[in-house]
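In what follows, a single structure is set out as C-alpha cells and then discussed.
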Amino acid sequence: MSRDEFNRQIEELAGTLGLGVGRLLSGQDMDGTRRTDATFFKPGRRILPGTEGPVPRWSFRAGWQRLAVRMSVLGAAGGAGYGYWQEPEATLQALQYGGPGVGGVAAVGGIAYAVLGRERRELMREWVEPLHLALAGPLGIPEQTDPRTYLHVPLRFSDDDAEIRIDLPVNLRFNEEIVASLIVKKLALEGVSFSWRPAGREPYVLVKKAHRPPERLHFRDPQVRELVARMPEPAPLIGLGSSGKRVSVDLDAESPHVLVSAGTGGGKSVILRTIAAQLIRNGARAFILDYKRISHPWARGVPGVTYCRDIAEIHDALIDLGVEGRRRMYLAEQLGEDADPAAVGPRLAILLEEVNATMKQLARYWEKTRQKSDPKTSPAIDALAEILFMGRQVRLHVLLVAQSATARALGGPEMRENFYTRILARYSQNAWRMLAPEITPAPKSTSHAGRAQVVLGGAAHETQVLFMTHAEAHAWAMNTSGTGPVTLEKAPPTASAAPEDPTGRAAAPAPPIPPLPAAPPAITTTAPGDEKLPAGPEITAPTATLTKAPAEPPAVPEKPADELLGLRQAQQKHLPDVTLTTLRWARANDPDFPASAGKKGTELLYRVSDLKRWARNRPRATEGPDEAP
C-alpha cells in the first residue's frame, strides 16, 4: 500500500470518528439519518417526508435527552474499566455483590412498570393506536409516527370533565368534518364539542363533553318525581341521558325483557328496584326471585309482590309462571290481534337476581329432587327459557341481573338474544363485546356513580340512572292499584291435547283453565315526547284515567290436597321447625304472613301451602342499608 493511500484512509477514519463524536454529542441518530423533526432542545412530533421503515421512539426524543443517556452509559462503562485497571480484585468484588442488587432493583422496577402501566397500555392498544391509524390519512401524517407524540388522550377520557387534545399539522390541509367524525367514531364519544385552535406553529383541537347526563338523579327531587309520575304505564323511567333526555324502555312496543350486567358496586339492584317500583305502582304484579334473600327489602309488605327467597320456591315459581305464560299465549290467540293486551291478565314482572348463582342452584336442586323418570334438565330452567321466548303479547317481563351474562350462565346464546334492552355499568371490554357486539367500538366504562350505558335499538345511550332509596321505592310502590300477593294456580290435567309442561305433565290448555286473579284496574297516563328535565316550580301530575278491568274468571275449586288448618294444628303436623309463638307473632307483625282462608268457630284457618311458603321465605339475615347512588 502506498503512503498516499494510507494517509487517505487515516483521514477518512479521522473524519468518520469526528462525525460520530459530533453526532454522539449533538444527540443525533448515529447512522446520520434524520427521521423526525426533533431538535436538540425540543422533542419530535412528526416524521420527515421520505422516511421509510419503522421509526423507533428514540428518534422522537430531544437531542439533550439522548445525549444524557449516552454520556451516562459511557461514564458508567468508563468508570468500571478504569476501576478494573487500577484495582481489579476490588472491582470484581463490587460487581459480584452489587450486581444482584442492581438486578433486583431492575426487576422490581420492571414489575412495577408492568402493573402500573397496564391501563395505559390498554388505552394505547384499544383506543389511541386505532385512532392514529384512522387519522393518519386525513391529516397527512405517516403511519410510522408515534401516536403519543400528537394524540393526548387521558386515561379516563369518558369522564365528564375529561379533555382530549390532538395536535394538528401546520399546513392544515385536512377536512375538519371528516377528522371530527373519525374522532367521535373511534373513541365512541357522544355529545362532545370541538374547539379548533389553528393559529400559530402548534395548531390543535380540544374535544370535550358538551351535553352530559346529570351528575346525580335522585328521586327525592320534586321535578324528578314529577317526571316519573308522567311516564307511560309500560315504559318506566331508567334515567336521563345527554341534554336531560329521558331514557326508558317500552315493554309493550320495544323490548319485553331487560338484562342488567354490571360489576361489583355497579348498582344492579338499584336499577331493578327503580323499574319494578314504577311497574307495581301502575298495577303490575311482581315475582322477586332472590337467592341472596336480602336484595330487595323495599318490597316487603307491598301489595302484588311475591318474594321467593328459597331455591325450592324459586323453582316452583318459575314452573308456575311457565304454565301461566302458555295459558296466556293460548288466550291471546283466541282473542285475536285487535284485543286489549290487558285481557290476557295483569302485567307480571319477574325480577331474577344474580342469575349466575341462581341457575347453578336450580340445576343442583333438580339433581337432588328429580325422579328417575324425570328429564335431566331442570324444568324451572326450561320454563325460564320458554318465558323469554314468549314475547310481549303475554305481558310477562323478565328483569334479569347478572354479574357476567355469559351464554352458559343464561342457558345458551339464544336465551341472551331475547334481551333487546341491555343495561351495562362498570363493564369490561370483554363484557361489552359479549353483550353488545353490534356497537363498535365499545364506549369506555366510567367509575362515575350511577352512570350506565343503555343499549336499545342498536345504539348505546349514556345514562345517569334514577336512584330510589329502599324507603322511596316502598312508598312509591305502595300507592298502587294492585290487590295483594299473587297466587299462581296450577293447571289441572286434562284429556285434551295441550303443550307439554317441562316436568312431563300435561300443561294448561287455556280457557276454561282459570288464569291469575282478576287484573286490578290499570292506570294509564299520557306522556309527552322526549324532553329535558323540567325546571321551575313543581308541576301537578296529570290526572290518571282508570281503564275497566277484564272480567274475573270463574273461581277455581280449592285443591283437596291443600288443607285448611289452625295455627296449632299446622305447626304440629307440617311446621315442626317453627314454634307456635313465632307463628302467632308473625301473624300480628309480619306483613308477608299469609291471610286466613276460612274460619272454624272463632279459630282462623290457613292454607298449609301458604304457611309452608312463608316459612321457607322468612328473612334470616339483616337487611343492609341503601346502596350509593
Side-chain angles (χ1 to χ4, degrees), residues 160 190-192 209-260 262 266-268 270-282 284 347 349 392 397 399 419-425 436 439 443 446 448-469 472-473 476-477 479 523-544 629:
D160 290 347
E190 182 181 358
V192 295
K209 281 193 176 181
H211 308 291
R212 302 175 293 183
E215 291 290 322
R216 296 287 186 271
L217 189 64
H218 291 281
F219 184 72
R220 63 173 176 262
D221 187 336
Q223 295 178 359
V224 176
R225 187 185 295 262
E226 172 60 27
L227 181 61
V228 173
R230 296 168 59 189
M231 295 299 295
E233 180 268 330
L237 181 70
I238 298 174
L240 294 181
S242 59
S243 301
K245 183 178 180 180
R246 67 183 187 180
V247 179
S248 64
V249 52
D250 193 326
L251 299 175
D252 288 342
E254 295 175 334
S255 173
H257 311 300
V258 178
L259 170 64
V260 181
K268 300 183 291 292
V270 172
I271 297 172
L272 244 64
R273 74 164 171 254
T274 297
I275 297 175
Q278 296 178 67
L279 292 174
I280 295 170
R281 181 184 177 89
N282 288 327
R347 190 183 304 278
R392 59 182 65 87
H397 311 289
L399 311 179
F419 293 96
Y420 186 67
T421 299
R422 303 171 183 185
I423 304 175
L424 295 91
I439 301 175
T446 176
H448 187 99
R451 192 63 56 84
Q453 293 285 347
V454 179
V455 179
L456 179 63
H461 307 276
E462 187 178 14
T463 304
Q464 185 65 31
V465 175
L466 173 64
F467 177 71
M468 281 186 179
T469 65
E472 289 169 345
W476 191 254
N479 187 8
I523 299 178
T524 59
T525 60
T526 302
D530 288 350
E531 57 194 24
K532 294 187 178 180
L533 185 65
E538 184 175 285
I539 306 171
T540 306
T543 306

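None of Leu399, Leu466, Thr463, Val465 except one satisfies the side-chain contact (heavy atoms from CB on, under 4.5 Å) rule with Ile271; the exception is Val465. Each of Lys245, Arg212, Lys209 was scored for a salt bridge (Lys or Arg N to Asp or Glu O under 4.0 Å) with Glu462, with one residue passing: Lys209.
When all heavy atoms of Trp476 and Val228 are compared, the pair lying nearest together is CZ2-CG1, 3.9 Å. Closest of all the heavy-atom pairs between Ala349 and Leu279 is CB-CD1, 4.0 Å. Contact between Gln453 and Pro443 at its shortest, heavy atoms only, is NE2-CB, 3.7 Å. The two residues Val247 and Leu237 make their nearest non-hydrogen contact at O-CD1, 3.7 Å. Here the closest heavy-atom approach between residue Gly241 and residue Pro214 is recorded as O-CD, 3.9 Å.
Once rounded to the nearest 0.5 Å, the distance linking CG of Asp252 with NE2 of His397 reads 5.5 Å. Note that CZ of Arg451 and CG of Leu217 are 10.5 Å apart. Values are rounded to the nearest 0.5 Å. From Ile238, atom CD1 reaches atom CE of Met231 across 8.5 Å, with rounding to the nearest 0.5 Å. In this structure, CG on Leu251 lies 8.0 Å from CD1 on Ile275, to the nearest 0.5 angstrom. With values rounded to the nearest 0.5 angstrom, Ile423 atom CD1 is found 12.5 Å from Lys268 atom NZ.
Residues Arg347 and Asn282 fail the side-chain proximity criterion, which asks for heavy atoms closer than 4.5 Å. Within the 4.5 Å cutoff, the side chain of Leu456 has heavy atoms near those of the Tyr420 side chain. A heavy-atom distance below 4.5 Å is found between the side chains of Val270 and Phe467. The shortest side-chain heavy-atom distance between Arg230 and Arg246 does not fall under the 4.5 Å cut-off.
No donor-acceptor pair under 3.5 Å is formed between the side chain of Arg422 and the backbone N or O of Val455. Without hydrogens or angle criteria, Glu254 side chain to Asp250 main chain gives a donor-acceptor distance under 3.5 Å. At distances below 3.5 Å, not a single donor-acceptor pair connects side-chain atoms of Thr421 with backbone N or O atoms of Ser255.
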Take Gln464 and His448 through the side chain to side chain contact (heavy atoms under 4.5 Å, CB included) test and state the conclusion after the steps.
CA-CA 9 Å; Gln464 185 65 31; His448 187 99; 3.4 Å; yes
